[in-house]
Amino acid sequence: CLLWLRKVILILTKYYHADSTKVLESSLWRSGDYGTTYTKLNLMPGTTIIVTNFYICPSNKRKVILISSTINEREQMLFISTDEGASFQRQPLSFTLETLLFHPTEEDKLLAYSKEAKLYVSTDLGRKWTLLQERVTKDRVYWAVSGVDVDPDLVHMEMQDSSGGHLYVTCLIQNCSDKMVTAQFLGKIDHNSLSVQNDYIFVKVTTGNRTKHYISYRRNEFVQMRFPKYALPKDVQVVSTDENQVLLALQEWYQTDTYNLYESDPQGVYYSIILENVRSTKQPEENVLIDVLEVRGIKGVFLANQKEDGKVTTLITFNKGRDWEPLAPPTTDMNGKPVTCKQPDCHLHLHLRWADNPYVSGTVHTKDSAPGLIMGAGNLGSQLVEYKEEMYITSDSGRTWRQVFEEEHHILYLDHGGVIVAIKDTSIPLKILKFSVDEGHTWSVHNFTSTSVFVDGLLSEPGDETLVMTVFGHISYRSDWELVKVDFRQSFPRQCTEDDYDSWKLTNLQGEHCIMGQERTYRKRKESSLCIKGKSYTSALTAKPCQCTEKDFNCDYGFERAPSLKAEGDHCFPDFWHDPDAPPDNCHLGHTYESSTGYRKVVSNVCEGGTNKEQSAKQHSCPLLPPRGLQLGIKGQMLTVAPGDDITFVVHQEQGDTSSTRYQVDLWDGVRAIYENLTVTDEPIQHRYEKPGVYRVSVQAENSAGQDRATLYIQVTTPLQEVHLEVVPIAGRNQLVNLTAVVLPADANLTVFYWWIGDDLQPKLTLENSLLTRFPEEGEVSVTVQASNGRSTVQDSKTVRVYDRFQVIPLSFSPNLDRFNPNIPEWREDVGRVVTKILAKVTGVPQDSLVTMVKPGLPTTAQLYVLPPEGVPAKRSVFVDKVHTLFHTYTQTHTSTQKIPVQQGCVYAVNRCAFTDSLTRPWLRFRKLPGRNVYAQMHNEKEQEMTSPVNHSDDTQNIIQGEEFIDDDLDSVKKRHLHFIYLFYSFC
């Protein structure tokens with residue numbers, strides 16, 4: 001990266017990892033003498049840092065900001081200079097910066113975009129940062145445009161709302177909270193579609209397979225861009241927004257590698273075709289290059305490559321697309337010999353490619369300070385040939401051309417084109433450059449280095465008057481950069497005077513001087529004068545208006561020339577779908593309008609008097625038009641709001657008379673109103689819904705000519721706080737399992753549930769909070785549920801263990817426990833863990849083989865899952881049988897008539913929401929119940945027989961060892977369940 005600040009040059013070198021784009025090391029160099037000497041800057045002595053990029057303030061070139069990080073990328077920082085890089089101040093960052101955007105006119109204001117899609121602002125040159133917004137689209141952020149936006153602190157941005165859609169919003173940097181952003185477009189827009197260019201703002205909206213493009217002129221209301229009715233655009237690329245007009249390339253439904261060029265009226269609404277089938281090339285990341293180039297320095301001149309029947313030819317227009325002609329071939333080659341290329345079968349064709357390297361010219365080079373001077377690479381023939389890149393030059397803006405080189409060269413203009421520098425575009429090292437001081441008529445060779453270098457780029461001092469340049473490159477691919485200063489000032493001993501200039505008139509290919517409604521005269525330095533044009537040089541001399549002729553008018557919207565009707569010349573015919581006598585959309589009752597003649601004056605054409613092809617003899621009175629295209633939206637675009645939120649409804653009508661139309665508004669909660677002239681006065685409809693629900697808001701527009709209606713559904717709901725997934729922890733293979741999502745708050749409405757089961761990436765969608773499913777395979781299965789109601793989304797996950805064989809035993813508890821059951825998931829989970837732990841201690845059964853799930857609701861009940869031990873075949877084993885035998889025996893032994901203490905201890909009742917067998921949790925509070933023993937009373941539900949105690953430890957040992965598997969009927973044990981009279985257990 002190179003940066004030239006007057007006499008100062010800053011150079012950033014970066015070394016990349018061979019297999020990635022990661023920067024491993026960087027160096028920053030500074031020259032204060034036009035590149036004669038360089039000093040390496042050490043920004044942080046003793047610390048290795050990586051400088052990834054730098055930015056220069058457009059309104060004060062002395063202010064420079066570097067983006068850097070430590071070698072491990074753990075710490076990112078800025079280095080700020082206010083003296084052209086002579087000194088830097090380090091400023092740490094609390095976010096991961098991706099790009100910076102200086103304010104165009106206020107030098108200390110910056111926008112910063114982070115890798116987390118957050119937008120920050122600084123008003124003190126990056127020393128302090130404030131978060132503006134989140135979920136902002138990269139490269140879709142714009143500062144206010146001077147002379148168009150009222151407040152210079154306004155920021156345009158595309159951002160994502162909570163539902164995933166994208167909005168065009170604006171805000172002031174002083175307050176850009178969600179409540180302070182203003183939605184400037186009624187509805188959601190396509191991702192990456194916002195573009196702010198001068199007077200115009202562009203967005204697009206895709207519905208189904210149809211895309212509509214909208215434009216705002218000078219920040220007025222958005223209107224749909226009107227292309228020919230059956231253009232059906234697949235893609236639209238804006239080429240230019242200069243001189244109060246939009247020039248764009250539109251790919252129609254039948255095109256694949258070509259676009260059609262269209263130009264607009266001053267408001268950018270109505271478009272007429274000016275050139276068909278312009279070649280396009282797809283680039284990485286879905287970028288598209290259109291082969292059209294605006295020639296800088298002379299307004300209205302464009303070059304384009306047209307592709308028809310597989311052949312590519314280069315065309316030029318001098319009147320902004322009204323007329324296109326092939327380029328005239330030179331009469332001689334670079335050696336002065338006559339060429340065999342004769343019109344109309346042979347022309348000059350140019351490659352119109354942009355350079356990937358920002359430090360070299362593209363295949364065609366023009367400059368504002370050198371009007372009329374164009375250098376380009378191409379060939380002579382019937383069509384453009386990809387591999388032929390001979391160099392041609394014109395000094396009269398494309399009327400006549402000369403060949404200068406046989407191979408492509410990189411071009412640099414110095415001193416307003418007074419010196420043209422050319423270096424061959426080649427992969428071999430070079431030591432010479434060529435330069436011309438007479439607009440390419442003669443060329444001199446200069447050895448800029450004694451050792452050949454691979455040239456990476458050319459750089460000149462900012463400004464058009466410079467005669468100093470730098471060639472940079474490398475001797476080998478492993479060497480450091482080589483920078484060579486080339487100073488042409490010694491070749492020009494004096495400043496130019498008026499006697500050193502000649503004048504020339506701009507002329508098109510037909511020899512006409514009246515172009516874009518005026519005769520323009522320019523001046524250029526005489527070939528014999530070796531002098532410096534300098535800062536005060538201006539190329540334009542005079543501009544004399546011409547009388548208007550037919551050539552100053554183009555076809556109006558809905559009209560086009562018929563190429564097949566050569567006899568009709570420049571006559572514009574209406575398209576079959578267009579009615580020239582139809583009233584315009586903004587026609588109001590009581591006013592008049594003229595039928596279109598089929599012509600409109602070329603925008604920025606300044607001809608006067610003469611022919612006026614726009615003037616129509618047909619005058620019509622505006623009829624009363626019925627309302628059409630009625631739209632109802634919300635400012636801010638949130639169709640889901642909370643009770644009590646302020647809502648501003650916006651009404652827009654695309655067609656029809658608004659001045660005599662009544663608008664009946666029904667807000668669906670008993671509030672109704674009638675408005676007059678609503679869309680003209682832009683009177684807001686403000687409302688607030690207090691109760692949750694769905695409200696069908698409607699607006700009916702009606703006048704004596706007809707009516708239209710628009711409806712909008714508003715969801716008023718409280719944000720979701722959390723969701724809890726209720727599911728059995730153990731499930732049988734291929735058995736039905738109920739999944740239930742418990743949402744808080746319980747009265748939340750309009751909730752949609754998304755269920756992910758296992759590794760399935762496609763969720764199941766339900767409007768109910770439950771789902772029945774089966775698990776076909778054994779093992780652990782993850783289940784996730786998301787609950788969404790438009791304002792918020794919450795999620796919970798559980799893991800279900802799937803077995804082919806296991807046993808479920810119902811459990812119930814003493815009614816005393818219900819007094820302490822708050823019926824929340826956390827309490828049930830904690831109680832389940834305590835029950836499992838106690839049962840494992842009481843019975844001697846391994847804790848891993850028991851799972852207790854406490855059910856929601858009252859009375860408090862649970863299910864005990866008895867699992868087979870790890871590593872055994874999937875058949876019922878003696879282990880499961882003996883567990884049931886053990887519980888049955890223990891039940892028979894510990895009846896209400898014989899209470900056997902499990903362990904002497906203290907009895908506690910839970911005062912909050914959970915049980916525990918340890919007092920180490922400080923957030924649990926217990927209330928002591930003195931004078932009782934802890935015991936478990938279990939009894940058989942069918943009989944109350946007394947049985948003698950058994951030796952649990954011996955029985956458990958046999959269970960753990962395992963025995964042969966048997967397939968006994970399980971029905972005899974399915975009815976057994978355990979009753980826990982007291983379960984208030986803790987160690988004293």
Side-chain angles (χ1 to χ4, degrees), residues 58 101 103-105 111 137 139-152 154-159 166-171 182-206 211-228 231 233 235-251 259-275 278 287-288 290 292-294 296 299-300 302 320-321 554 556-557 584-586 600-605 652 654 682:
L101 183 63
H103 195 285
T105 58
L111 293 174
T137 304
D139 298 328
R140 301 296 171 180
V141 177
Y142 308 87
W143 279 108
V145 178
S146 178
V148 184
D149 291 300
V150 176
D151 197 320
L154 186 75
V155 177
H156 306 264
M157 72 183 81
E158 178 185 303
M159 63 174 291
H166 290 83
L167 309 174
Y168 161 42
V169 301
T170 60
C171 68
T182 301
Q184 299 292 351
F185 181 78
L186 183 61
K188 297 179 181 180
I189 66 174
D190 289 359
H191 182 48
N192 265 326
S193 72
L194 174 65
S195 179
V196 179
Q197 299 188 34
N198 302 324
D199 291 344
Y200 306 95
I201 300 178
F202 304 88
V203 298
K204 65 178 181 178
V205 178
T206 299
T211 299
K212 292 183 178 181
H213 297 260
Y214 294 86
I215 192 169
S216 168
Y217 174 65
R218 297 193 65 84
R219 311 309 184 252
N220 290 313
E221 186 179 9
F222 275 93
V223 294
Q224 186 177 348
M225 298 163 70
R226 299 300 180 88
F227 306 118
D235 185 40
V236 172
Q237 301 285 332
V238 177
V239 177
S240 169
T241 56
D242 294 340
E243 297 185 298
N244 297 320
Q245 187 178 43
V246 178
L247 179 67
L248 57 79
L250 184 149
Q251 188 172 54
Y259 282 65
N260 292 341
L261 281 185
Y262 286 82
E263 64 179 10
S264 75
D265 60 351
Q267 290 73 36
V269 178
Y270 292 97
Y271 290 81
S272 301
I273 192 167
I274 58 173
L275 185 63
V278 178
N287 291 327
V288 178
I290 313 296
V292 59
L293 176 74
E294 184 175 8
R296 296 166 62 184
K299 296 298 184 182
F302 288 82
K320 217 170 184 181
N554 209 346
D556 198 1
Y557 171 75
D585 294 339
N586 58 354
R600 67 184 179 200
K601 194 174 181 180
V602 175
V603 176
S604 70
N605 187 299
H652 173 67
E654 290 187 350
D682 197 27

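These figures come from a predicted structure and were not determined experimentally.
Applying the side chain to side chain donor-acceptor pair (under 3.5 Å) rule to Gln197 yields the partners Ser195; only residues at least two apart in sequence or on another chain are considered. Among residues two or more places apart in sequence or in another chain, the side chain to side chain donor-acceptor pair (under 3.5 Å) test is passed with Thr206 by Asp190, Thr211. Legend: residues meeting side chain to side chain donor-acceptor pair (under 3.5 Å) with Ser604, ordered by chain and number and at least two apart, are absent.
Considering only heavy atoms from C-beta on, Val603 stays 4.5 Å or farther from Glu243 through its side chain. Proximity of His191 to Thr137: side-chain heavy atoms (C-beta onward) are separated by under 4.5 Å at one or more points. Within the 4.5 Å cutoff, the side chain of Val145 has heavy atoms near those of the Arg219 side chain. Contact of the Phe222 side chain with the Ile201 side chain is registered, since non-hydrogen atoms from C-beta on lie closer than 4.5 Å. Contact of the Asp149 side chain with the His156 side chain is registered, since non-hydrogen atoms from C-beta on lie closer than 4.5 Å. No side-chain heavy atom of Val148 sits less than 4.5 Å from a side-chain heavy atom of Asn198.
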Exercise. Just do the side chain to side chain contact (heavy atoms under 4.5 Å, CB included) check on Val205 and Tyr214 with the steps written out, would you?
Key: CA-CA 8 Å; Val205 178; Tyr214 294 86; 4.0 Å; yes
Exercise. Give the C-alpha distance, both sets of side-chain angles, the deciding distance and a yes or no for side chain to side chain contact (heavy atoms under 4.5 Å, CB included) between Tyr168 and Glu158.
Key: CA-CA 5 Å; Tyr168 161 42; Glu158 178 185 303; 5.9 Å; no
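Side chain of Tyr142 to backbone of Leu194: a donor-acceptor contact under 3.5 angstrom is found. In terms of modelled atom types and a separation under 3.5 Å, the side chain of Tyr557 and the main chain of Phe227 share a donor-acceptor contact. Arg600 places no side-chain N or O within donor-acceptor distance of the main-chain N or O of Asp556, the cut-off being under 3.5 Å. In this structure a side-chain-to-backbone donor-acceptor pair under 3.5 Å is present from Trp143 to Leu101. Remark: side-chain polar atoms of Glu263 are not paired, donor with acceptor, to backbone N or O of Leu247 under 3.5 angstrom.
Heavy atoms only, all atoms of each residue included: His103 and Pro152 are closest at NE2-O, 2.7 Å. For the residue pair Ala144 and Pro104, the shortest heavy atom distance occurs at O-CG, 4.0 Å. The two atoms that bring Gln267 and Tyr217 nearest to each other are O-CB, 3.5 Å, heavy atoms only. Of all non-hydrogen atoms in Leu167 and Gly187, the two that sit nearest each other are CD2-O, 4.1 Å.
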